[in-house]
*Asks:* 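Structure below; questions to follow.
These values consider heavy atoms only, across backbone and side chains, with no hydrogens, waters or symmetry-generated copies. Chain letters run A, B, ... following the sequence lines, proteins first, then strands; residues in each count from 1.
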Amino acid sequence: MINQRKIFLKELQRIKGTQDILPEESYKWQFVEAITRRVMHRYHYLEMRTPVFEMTELFARGIGQLTDIVSKEMYTFADRGKKSLTLKPEMTAAIMRAFIEHKMYARQPVSKFYYIAPLFRQENPQAGRQRQFHQFGAELIGSSDARADAEIIDLAMQIFTEIGLNQLQLRLNSVGDADSRKAYREILKDYIRPRLDQYCPDCQRRFEDNPMRILDCKVETCTGLNQEAPKITYHLNQASQAHYSQVKDQLTRLGIPFTEDSSLVRGLDYYTHTVFEVTSGALGAQNAICGGGRYDLLAEELGGQPAPAVGFAAGMERTIMVAEAQGLSLGRIPAVDVFLAALGEQAQNEALIWLKKLRATGLHAETDFQNRSVKAQMREANRLEARFVILMGDNELERGVLTIKDMQQSSQEEIAAADVPGYLQQKTGNGDDRA
RNA sequence: GUGGAUGUAGCUCAGUUGGUUAGAGCAUCAGAUUGUGGCUCUGGGGGUCGUGGGUUCAAAUCCCAUCAUCCACCCCA
């Protein structure tokens, strides 16, 4: 046995960056998920579930070969047929794949989906970052209208609001369409080139592959150098310019405050036009709770018909972290309405059928499974904060009654056995299936 | 992949310049009350001190390695 324990400790622990969500935590997840679904449905986004793994090629093409996610963070493995598969590192590419595969563009011009899903990235864990993490998000496919961008942002903010989060910052930027981006890229490189040697090694490496990411660098000397860098928003072509100002106009009409931030460059290659991020000061270094934007080129990139689209993704773990930092209560562990204390062999034989009867009325009913003393069972009932205890012993069984103790009042009375379910249902309010 | 901090009971933590049976609070179980919870009191169970090696008469304590966790970098939700 000692050896077994040793083996367990050394080899069978959960893997780095993963988490067991125990009952004392899972009810919070259920609470956040319930709000998410409720709001999504109200905005008429419908759920899409896709497999946890996909062809590796989907993400390589969708997210971009040069991104960190694809180049070093994916969980990739070969199946028996030697196909290269990958655990989803993000949801958008998977949703778009399903959208194309099921020819959903042919059903209606605009499709709206939401998801709540586990995702996998092989990074080193830290506050707010796990290797298996969870996101909820939404995608609106088929519209290039600025109102679609605005609805997506509104939807994300609405969910946070209904959860009760406050003091979130919404940062907004536009990375333009493909033409704007290409032109700006050269303008930016022209600015950086003469002072490239002053930038940090990471930025020097980014210069050729992804110069726009240099704007997002947090190294002090780099942020200093970037102060004077040309801003993309001044170098957008007319169409991009117009879209961006329409989005801002729509957000203003919706009363959603935002900050323009020309350094906001998201890490996935598929973004065009609008990009945004929602951050909270309540988090650590990983302060983004939600990110998103428009991705008009992704459908084509994946071999589908062109389809403009916009979406957001929010971190479940981070959302819950912010909520807890704010002291919000996120639901509660289901209460026990009635605890059945069975005394003696005969009563124990009756216990399960009685529980079943009570549960059928919607009551949350629990009993003891250890043949313990009345005292121990009462203690257990108290620990569970049971509202009522049914005492069932030979005494009661002989006379066809049950003793019902009200744990709050510390009073008890005998009730005819047949009347007990109705009696308790009435006493506890209704005995429906709450929480 | 890199850096820093931390690993002692289920949890939160004490443990002196190395010294003999490693402690506390909470939790848990039982008793005080042989069919009655909370409060109180009494008692019990539960630790190869992360793991492996080294130094020493003697290691939770010192040294080395290793693993894990946390935080940070990179990047992202």
*Asks:* Counting only side-chain N and O atoms of R379(A), is one of them less than 4.0 Å from OP1 or OP2 of A30(B)?
*Replies:*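 Result: yes.
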
*Asks:* To check you understand the geometry: which heavy-atom pair defines the closest contact between I163(A) and T319(A), and what is its length?
*Replies:*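 Minimum heavy-atom separation between I163(A) and T319(A): CD1-CG2, 3.8 Å.
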
*Asks:* What is the separation between atom CG on L22(A) and atom P on G10(B), rounded to the nearest whole Å?
*Replies:* 15 Å

*Asks:* With no angle test and no hydrogens, is the base of G35(B) tied to the side chain of E396(A) by a donor-acceptor pair under 3.5 Å?
*Replies:*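 Present.
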
*Asks:* Give a yes or no answer on whether the side chain of R318(A) reaches the backbone of A288(A) with a donor-acceptor pair at less than 3.5 Å.
*Replies:* yes

*Asks:* Determine the contact category for A376(A): base if any of its heavy atoms lies under 4.0 Å from a base atom, sugar-phosphate if only primed atoms, P, OP1 or OP2 are that close, otherwise nothing.
*Replies:*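 Sugar-phosphate: the residue A376(A), judged by heavy atoms under 4.0 Å, touches backbone atoms but no base.
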
*Asks:* Describe the nucleic acid contact of L343(A) in one word from base, sugar-phosphate, nothing, applying a heavy-atom distance below 4.0 Å.
*Replies:* base

*Asks:* From CE of M212(A) over to P of C76(B), roughly how many Å is that when rounded to an integer?
*Replies:*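 The answer, rounded to whole Å, is 12 Å.
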
*Asks:* Quick check for you: among U36(B), C74(B), C76(B), whose closest atom lies nearest to any side-chain atom of T403(A)?
*Replies:*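 Looking only at heavy atoms from C-beta outward on T403(A), the closest nucleotide is U36(B).
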
*Asks:* Looking for any heavy atom pair under 4.0 Å, which part of the strands does E385(A) touch: base, sugar-phosphate only, or nothing?
*Replies:*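 The answer is nothing, as E385(A) stays clear of every strand by at least 4.0 Å.
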
*Asks:* For C74(B) and G3(B), measure between their P atoms and round to the nearest Å.
*Replies:*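 Looking at atom P only, C74(B) and G3(B) are 16 Å apart.
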
*Asks:* Between K16(A) and U69(B), is there a side-chain N or O to OP1/OP2 distance below 4.0 Å?
*Replies:*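 It does, given that an N or O in the side chain of K16(A) lies less than 4.0 Å from OP1 or OP2 of U69(B).
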
*Asks:* Quick check: on RNA chain B, is the nucleotide nearest Q135(A) upstream (toward 5') of the one nearest I15(A), or the reverse? Name the residue that is more 5'.
*Replies:*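 Closest to the 5' end, via its nearest nucleotide, is I15(A).
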
*Asks:* R129(A) CZ to C74(B) P: how many Å, rounded?
*Replies:*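 Computing the R129(A):CZ to C74(B):P distance gives 10 Å.
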
*Asks:* In whole angstrom, give me the gap between the C1' atoms of G23(B) and G47(B).
*Replies:* 11 Å

*Asks:* Would you indicate what G137(A) reaches in the nucleic acid, counting non-hydrogen atoms under 4.0 angstrom: base, sugar-phosphate, or nothing?
*Replies:* nothing

*Asks:* Distance between the C1' atoms of C67(B) and U56(B), in whole angstroms?
*Replies:*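 After rounding to an integer number of Å, I get 26 Å for this pair.
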
*Asks:* Kindly indicate whether the side chain of S373(A) and the base of G35(B) share any N or O donor-acceptor pair separated by less than 3.5 Å?
*Replies:*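 Check fails, no donor-acceptor contact within cut-off.
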
*Asks:* Distance between the C1' atoms of U51(B) and A59(B), in whole angstroms?
*Replies:*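 After rounding to an integer number of Å, I get 16 Å for this pair.
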
*Asks:* Using a 6.0 Å distance limit plus a 45 degree cone around the ring axis, check whether K88(A) lies over the aromatic ring of F59(A).
*Replies:* no

*Asks:* Quick one: is C73(B) close enough that its OP1 or OP2 comes under 4.0 Å of any side-chain N or O from Q286(A)?
*Replies:* yes

*Asks:* Mark yes or no for a side-chain to base donor-acceptor pair under 3.5 Å between K405(A) and G37(B), with no hydrogen or angle criteria applied.
*Replies:* yes

*Asks:* Over how many whole Å does the gap from Q130(A) atom CD to A72(B) atom P extend?
*Replies:*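 Nearest whole value for this atom pair: 12 Å.
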
*Asks:* Take atom CE of M407(A) and atom C1' of G38(B), then tell me their distance rounded to the nearest Å.
*Replies:* 8 Å

*Asks:* What's the gap between U8(B) and C49(B) when it is taken at their C1' atoms, as a whole Å value?
*Replies:* 4 Å

*Asks:* Rounded to whole angstrom, note down the P distance from G25(B) over to A72(B).
*Replies:*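 The same atom, P, in both gives a distance of 35 Å.
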
*Asks:* Using modelled atom types only, decide if a donor and an acceptor are shared between the side chain of T18(A) and the backbone of Q132(A) within a distance under 3.5 Å.
*Replies:* no

*Asks:* Please give the distance between the P atoms of A30(B) and U69(B) as a whole number of Å.
*Replies:*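 Going atom to atom, P in each nucleotide, I get 36 Å.
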
*Asks:* Let me spell it out: for each of R372(A) and S411(A), pick the nucleotide of RNA chain B with the closest heavy atom. Which residue's pick is nearer the 5' end?
*Replies:*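 Between the two, 5'-proximity favours R372(A).
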
*Asks:* Send over the distance from Q126(A) CD to C74(B) P, rounded to a whole Å.
*Replies:*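 About 9 Å, once rounded to whole Å.
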
*Asks:* Give the rounded distance in Å between these two atoms: CD of Q377(A) and C1' of A30(B).
*Replies:* 15 Å

*Asks:* If you check every side-chain atom of N382(A), which of U2(B), U36(B), G38(B) has the closest atom?
*Replies:*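 Out of U2(B), U36(B), G38(B), the nucleotide with an atom closest to N382(A)'s side chain is G38(B).
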
*Asks:* Expressed as a whole number of Å, how far does the P atom of U48(B) sit from that of U61(B)?
*Replies:* 15 Å

*Asks:* Do NZ/NE/NH1/NH2 and the carboxylate oxygens of E162(A) and R42(A) come within less than 4.0 Å?
*Replies:* yes

*Asks:* Expressed in angstrom and rounded to an integer, what is the separation of D20(A) atom CG from G10(B) atom C1'?
*Replies:*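 After rounding, the reported distance stands at 15 Å.
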
*Asks:* Check every strand shown and say whether A288(A) touches a base, only sugar-phosphate, or nothing at a heavy-atom separation below 4.0 Å.
*Replies:* sugar-phosphate

*Asks:* Looking at R49(A), I'd like to know if its CZ atom is crowded, meaning that more than 12 non-hydrogen atoms belonging to other residues, nucleotides or ligands lie closer than 6.0 Å.
*Replies:* no

*Asks:* So, is the end of the K112(A) side chain (NZ or CZ) under 6.0 Å from the ring centre of Y114(A) and within 45° of the ring's axis?
*Replies:* no

